[in-house]
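Quantities reported herein were computed from a predicted structural model and do not represent experimental measurements.
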Amino acid sequence: MASSFPTGFSPAETARYTEEMLEGLSRIALRQGQSLLAHLLDLAAVEAKIQGSYADQETELPG
């Protein structure tokens, strides 16, 4: 099955996008009274933020 995810995004960009999506989903879960789900989504958003920070710091060796 082919992926429908667009290519060309850096790991840092992907992590930031994922963080934003998870934060939005968390807000929806809270509005629906799903506090545990919202909490888990918040934790996942924190992890996405951390991954984005790591990706920003990665550098490749020349050559």
Side-chain angles (χ1 to χ4, degrees):
M1 180 178 196
S3 173
S4 61
F5 188 76
T7 59
F9 294 105
S10 73
E13 290 171 319
T14 302
R16 282 190 286 275
Y17 175 75
T18 301
E19 178 188 0
E20 292 172 10
M21 295 300 296
L22 289 165
E23 288 171 344
L25 290 170
S26 175
R27 287 190 296 273
I28 292 169
L30 275 176
R31 284 195 300 266
Q32 296 299 319
Q34 300 166 329
S35 59
L36 178 58
L37 178 57
H39 176 69
L40 294 172
L41 289 164
D42 286 339
L43 292 174
V46 169
E47 178 61 22
K49 184 174 187 169
I50 291 167
Q51 292 299 317
S53 295
Y54 286 143
D56 281 338
Q57 295 172 9
E58 290 180 6
T59 58
E60 293 184 27
L61 296 174

Exercise answer: donor-acceptor pairs, residues 25-49 side-chain atoms, under 3.5 Å, sequence neighbours excluded:
residue, atom, partner, partner atom, Å
Ser26, OG, Ala38, O, 3.2
Ser26, OG, Asp42, OD1, 2.7
Glu47, OE2, Gln51, NE2, 2.7

Item to check | Residue list, side chain to side chain donor-acceptor pair (under 3.5 Å) with Glu13, at least two apart or on another chain | outcome: Ser10
Checklist outcome for this item: So salt bridge (Lys or Arg N to Asp or Glu O under 4.0 Å) across residues 14-23, not counting sequence neighbours, yields Arg16-Asp56
